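A, B, ... follow the sequence lines: proteins, then strands. Residue 1 opens every chain. Since the model is a prediction, treat every value here as computed from it, not as a measurement.
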Amino acid sequence: MRQLPPLSDPSYGFSPTPFGECCIAFSNDGICALTFPETRESALRDLEHRFPETDFHQNDEKAARLVRSIFEKTKMPRLNPIGTEFQLSIWNALQQIPAGKTTTYALIAEAIGRPKAVRAVGTAIGANPIAFLIPCHRVIRTDGSLGGFRWGLECKKAMLEWEKK
DNA sequence: ATAAAGGCCACCC
DNA sequence: GGGTGGCCTTTAT
């Protein structure tokens with residue numbers, strides 16, 4: 001899964017959020033990554049792994065402005081997720097879930113017309129490159145339990161709680 | 001090409 | 001609560 005056109009003016013930065021420090025990566029094409037890593041080193045390794053050809057330059061100030069607009073909900077920034085067709089269709093479906101609501105992995109599978117692919121849907125949701133903005137935290141199991149979360153279940157809980165009001 | 005690994009689910013105990 | 005088998009995509013051999 002490789003991006004064909006190179007990112008224009010690729011940048012990244014770290015910034016505090018209601019859910020701990022995030023790492024956000026963006027270019028003129030939009031946000032390409034938003035993560036909530038344990039450490040800054042792991043965040044950078046992540047970026048390097050996902051974009052081996054791209055050399056991002058650090059811009060914490062711009063990152064902070066972006067992050068502020070995200071969590072104050074002043075405006076929805078442009079997203080630039082990179083993935084397979086299957087993944088993109090799922091990440092797109094996630095964005096239809098209203099804030100404060102939840103759905104299930106099985107219902108997402110239905111929504112994209114692949115009702116049998118539930119397991120693969122879970123995997124694809126786990127590969128969501130833009131946490132929070134692509135609201136993978138709003139997807140739980142059919143039996144009502146929380147399911148998984150790449151950045152820790154506490155973080156998933158906190159996001160759902162935060163959106164409840 | 002093929003194996004192995006997943007943020008799942010239904011079904012059993 | 002826990003374990004098994006089936007399902008489908010992605011990534012690493």
What's the [atom1]-[atom2] distance between [X] and [N], to the nearest Å?
X        : N      : atom1 : atom2 : result
A:Gln87  : C:dT11 : CD    : C1'   : 11 Å
A:Leu88  : C:dT9  : CG    : P     : 15 Å
A:Asn128 : B:dG6  : CG    : C1'   : 16 Å
A:Ile108 : B:dG7  : CD1   : C1'   : 13 Å
A:Met159 : B:dG7  : CE    : P     : 17 Å
A:Ile90  : C:dT9  : CD1   : C1'   : 9 Å
A:Ile112 : C:dT9  : CD1   : P     : 9 Å
A:Trp91  : C:dT9  : CH2   : P     : 15 Å

Notebook entry, point to check: What residues form a side chain to side chain contact (heavy atoms under 4.5 Å, CB included) with A:Glu21, not counting sequence neighbours?
Noted result: A:Phe14, A:Arg40
Check: Say you draw a straight line from OG of A:Ser69 to CE of A:Met76; how long is it, rounded to the nearest 0.5 Å?
Finding: 10.0 Å
Item checked: A:Phe56: ring-ring contact (aromatic ring centres under 6.0 Å, His included) partners, not counting sequence neighbours -> A:Phe51
Notebook entry, point to check: Which one of A:Trp151, A:Phe132, A:Phe149 satisfies the ring-ring contact (aromatic ring centres under 6.0 Å, His included) criterion with A:Phe19?
Noted result: A:Phe132
Notebook entry, point to check: Counting side-chain heavy atoms from C-beta on, which of B:dG7, C:dT9, C:dT10 comes nearest to A:Arg114?
Noted result: C:dT9
Next item on the list: For A:Phe86 and A:Trp91, run side chain to side chain contact (heavy atoms under 4.5 Å, CB included): C-alpha distance rounded to whole Å, both residues' side-chain angles, the deciding distance at 0.1 Å, then the answer.
Entry: CA-CA 9 Å; A:Phe86 182 76; A:Trp91 300 339; over 6 Å; no
Next item on the list: Sugar-phosphate means primed atoms, P, OP1 and OP2; the rest is base. With that split, encode nucleotides 8-13 of chain B 5' to 3' as B, S or - using protein heavy atoms under 4.0 Å.
Entry: BSS---
Check: So, A:Arg65 and A:Asp60, do they make that salt bridge, N to O below 4.0 Å?
Finding: no
Note to self: Please determine whether a side-chain nitrogen of the Lys or Arg among A:Arg45 and A:Glu48 lies less than 4.0 Å from a carboxylate oxygen of the Asp or Glu.
What the structure shows: no
Check: What does A:Phe149 touch in the nucleic acid at a heavy-atom separation under 4.0 angstrom: a base, only the sugar-phosphate, or nothing?
Finding: base
Margin query: Regarding A:Ala117, tell me which of base, sugar-phosphate or nothing describes its non-hydrogen contacts under 4.0 Å with the strands shown.
Written below: sugar-phosphate
Item checked: Close residues, residues 29-47 of chain A, relative to DNA chain B [heavy-atom separation under 4.0 Å] -> none
Check: Do the side chain of A:Gln96 and the main chain of A:Ala93 share a donor and acceptor less than 3.5 angstrom apart?
Finding: no
Next item on the list: Taking A:Thr123 for its side chain and A:Arg119 for its backbone only, find out whether a donor-acceptor pair lies under 3.5 Å.
Entry: yes
Check: In which ranges does DNA chain B form stems of 3 or more consecutive Watson-Crick or G-U pairs, distances under 3.5 Å?
Finding: B:1-6 with C:8-13, B:8-13 with C:1-6
If you look only at distance, which donor and acceptor atoms sit under 3.5 Å apart when one is on a side chain in residues 134-144 of chain A and the other is two or more places apart or in another chain?
unit_1   : atom_1 : unit_2   : atom_2 : d
A:His137 : NE2    : A:Glu163 : OE1    : 3.2
A:His137 : NE2    : A:Glu163 : OE2    : 3.2
A:Arg138 : NE     : A:Glu163 : OE1    : 2.9
A:Arg138 : NE     : A:Glu163 : OE2    : 3.4
A:Arg138 : NH1    : A:Ile97  : O      : 2.7
A:Arg138 : NH2    : A:Glu163 : OE2    : 2.6
A:Asp143 : OD1    : A:Ser145 : N      : 2.8
A:Asp143 : OD1    : A:Ser145 : OG     : 2.6

Notebook entry, point to check: For A:Ser11 and A:Asn59, does a side-chain donor sit closer than 3.5 Å to a side-chain acceptor?
Noted result: no
